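Only one structure is covered here, and it is reproduced in the block below.
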Amino acid sequence: MEGVSTRGVLSHLSLLEDQASSRGSRVLQQPSRVKELRAKVEALTSQRDQLKAEIQTHKNLQKLRPSVDKRRAAGGEEDMDVDSESSELLRLMARHSELSDLLHAHHLIGGYDVIKTRQGKGMCFSLATAYEGVYLDTYNLEIDLRPKVRITRHNIPPFIPLNNLAEQSDLQIGLRAFLDTVSQHLNAFAGRKQQLKLVKEQHKSVEVMESNLLCSILVLMFTVPKEKTPLLCTLEYTNHTRCLPTRVHLDSEDKRLPDAPQWKKNCSLLMEVPVHRALAAIRKSRDIV
Amino acid sequence: MSENTEEVKLLEAQILHLQAEIKALQQQQQVNCKDITFQFTGQMQDALAFLCGQTQDLEEMVVSRLKEEVEELEEDLKLQTRIDGISLNSCIRKTLQNRGREVVQLLCLSGRCSELVFQVEFQLSEVKDGSRTERKISDLNLVLDSNDLQSLSSFLSRYRPAPINNGKIIERK
C-alpha cells in the first residue's frame, strides 16, 4: 500500500517539477531542494525495504526451527514445518542452525570438543572443567593417530600424571577411557582449587597456612571463640579423582579440643561436605569465629 | 513557487513517515538480534545477505557453499557423538535475556546415552568479565526413563539451590 502511494507521490512530484521547469522557475533554490528531498526519500525507502526483508527472513527461519514456545504450546515434539514455499536455501540454513546448536550442546554438557588436525591424522580435544554449576578452565590435548596413537601437545599441568594415565588406558584400543580418566582428574583438581578460592573469599577469619599446586593438601588455622585458641586443621585429599578429603586431622595446644564431641562432628562434616560449605556451617554454630 | 512549496511539504511529510517506519522496524530487529540463534557468521551470514537482496552472488553459488559447510558440520557431529558416547537428537535454545555483558538462555536437550533415553532442560548464564566468560548452570530439570534416579539426586542437587539447616545440607529430592 505504501509502495503505491510512494510511487504516486513521486510521479506527482515529477509532473510538478516538469511543469515548473517548463515555466522557467526563477527561484534557483527550490528545485535543488526538491532533488535533495527526493533522494532522501529514495534512500529511506530502500533502507526500510531492507529492514523488512531481514525481518521476514528471520520469521521464515523461525518457522523452520523448533522453538521452546512452539513446543510448549503444542505440548510435544513437533516436526519442522515443511512449507512448499521454503527454498532449499532456507532449509539448508535451518539444518545448519540445528547442527551448530547440537554441537554447542555437546560442548555444554561437558563433551570433549574434538577438532581434526593434520589432515585427519590427528585430533585435538578440549576438556572442560566445572564445579558447582560454574565452568572453570579448559584444557587441550592433541593426539596423533598415525603411525601410532600418542599424545603430542597439551596444556595440562605437570602435576596431573598424563603419561601414567595414558599407559594405564592403552590408547591404541580406545580414547574414551583415557579421556574420561583425565577429565576426572582435571575436574577434581578444578573443584579442589575452586573450593580453596571460595574459602579465601568467604571465610576471611580462617587462615590458609599451606596448600600445594595440586590442591591435595590444605592446612587451615581456625580461631576458637572465647579463649581465641588456635586450631590447626589439615585436610588430605589422597584420592585425586575426588573433591572431598580422605583424611581430616586437628591439632591444638589444648589437647582436649580435637576430642570434643562437636569437633568430632565437625571433622565428619569436613569429610562429607566441600570445605567452603562445611566452614559456613561450623561458623554458624559458633565453633569457630 | 506555490507548487514547489507544496512539493517540499509533501516530501518532508513522506520523510518523517519513513523515518518513523524505520525506527519501528529497527526496534523489532533489535529484539530479533538479541536472540543468539540469529547471530550468524560465515556462510550463514552470506545466505542471509542473499535472501535480503544484499549480494550479487548467484543463488546456486550461495546454496552450494552453504551445503558444503552443512556437510562438514554433519561430519563433525558424527565424530563428536562417537567421542562423547552420547547421541543428542534435539537442542532447542531460547534467549531469555541479553544485556550485552550478560546473556541468559534456556536450553532443552533430548538424547540417548547407551540404552538410556533422556531429556534435560537448564538455564545457562554467560557473563563477560574482560577476556574471560563466566558460565553458570541453574534450574536443571531431568526427565529419565528410569527407576534409578537416586544415584543422580546428589548430582542434581548441585544445580538447584539447597537450604542449609543446623549444619547439615539437606538435599532436595
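Bear in mind that the values here come from a model prediction, so they are computed numbers and not experimental data. Quick note on labels: first sequence line is chain A, next is B, and so on, each numbered from 1.
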Original post:
Which one of B/Arg99, B/Lys136, B/Arg135 satisfies the salt bridge (charged side-chain N to carboxylate O under 4.0 Å, His left out) criterion with B/Glu126?
Top reply: B/Arg135
Original post:
Where does B/Leu88 contact chain A at under 4.5 Å (heavy atoms): side chain, backbone, both or neither?
Top reply: both
Original post:
For B/Leu107, is it the side chain, the backbone, both, or neither that has a heavy atom closer than 4.5 Å to a heavy atom of chain A?
Top reply: side chain
Subject >> Residue selection (most heavy-atom pairs with chain B, distance under 4.5 Å) from A/Met123, A/Glu36, A/His106 >> reply: A/His106
**OP:** Quick one: which of B/Arg82, B/Gln19, B/Glu75, B/Glu134 has the most heavy-atom pairs under 4.5 Å with chain A, could you say?
**Re:** B/Gln19
**OP:** Go through the atoms of A/Ile109 and report whether side chain, backbone, both or neither lie under 4.5 Å from a heavy atom of chain B.
**Re:** side chain
Subject >> chain A contacts, top residue of B/Leu79, B/Ile15, B/Ile86 (heavy-atom pairs, under 4.5 Å) >> reply: B/Ile15
Original post:
Is it true that a side-chain atom of A/Ser183 and a backbone atom of A/Leu179 form a donor plus acceptor pair closer than 3.5 Å?
Top reply: no
Subject >> Donor + acceptor pair across side chains of A/Glu54, A/Gln50 (<3.5 Å) >> reply: yes
**OP:** Compute whether any side-chain donor of one residue and acceptor of the other, for B/Ser87 and B/Thr81, lie under 3.5 angstrom apart.
**Re:** no
**OP:** Answer yes when A/Glu88 and B/Lys67 have at least one side-chain N-carboxylate O distance shorter than 4.0 Å, and no when they do not.
**Re:** yes
Subject >> Spatial distance of atom CD (B/Glu69) from atom OG (B/Ser64) [nearest 0.5 Å] >> reply: 11.5 Å
Subject >> Atom group of B/Gln43 that falls short of 4.5 Å from chain A, counting heavy atoms >> reply: neither
Original post:
For B/Gln80, is it the side chain, the backbone, both or neither that has a heavy atom under 4.5 Å from a heavy atom of chain A?
Top reply: both
**OP:** Output the option from A/Leu175, A/Asp49, A/Asp113 having the highest count of non-hydrogen pairs under 4.5 Å with chain B.
**Re:** A/Asp113
**OP:** Determine the minimum heavy-atom distance between A/Ala105 and B/Leu109, stating which atoms define it.
**Re:** CB-CD2, 3.5 Å
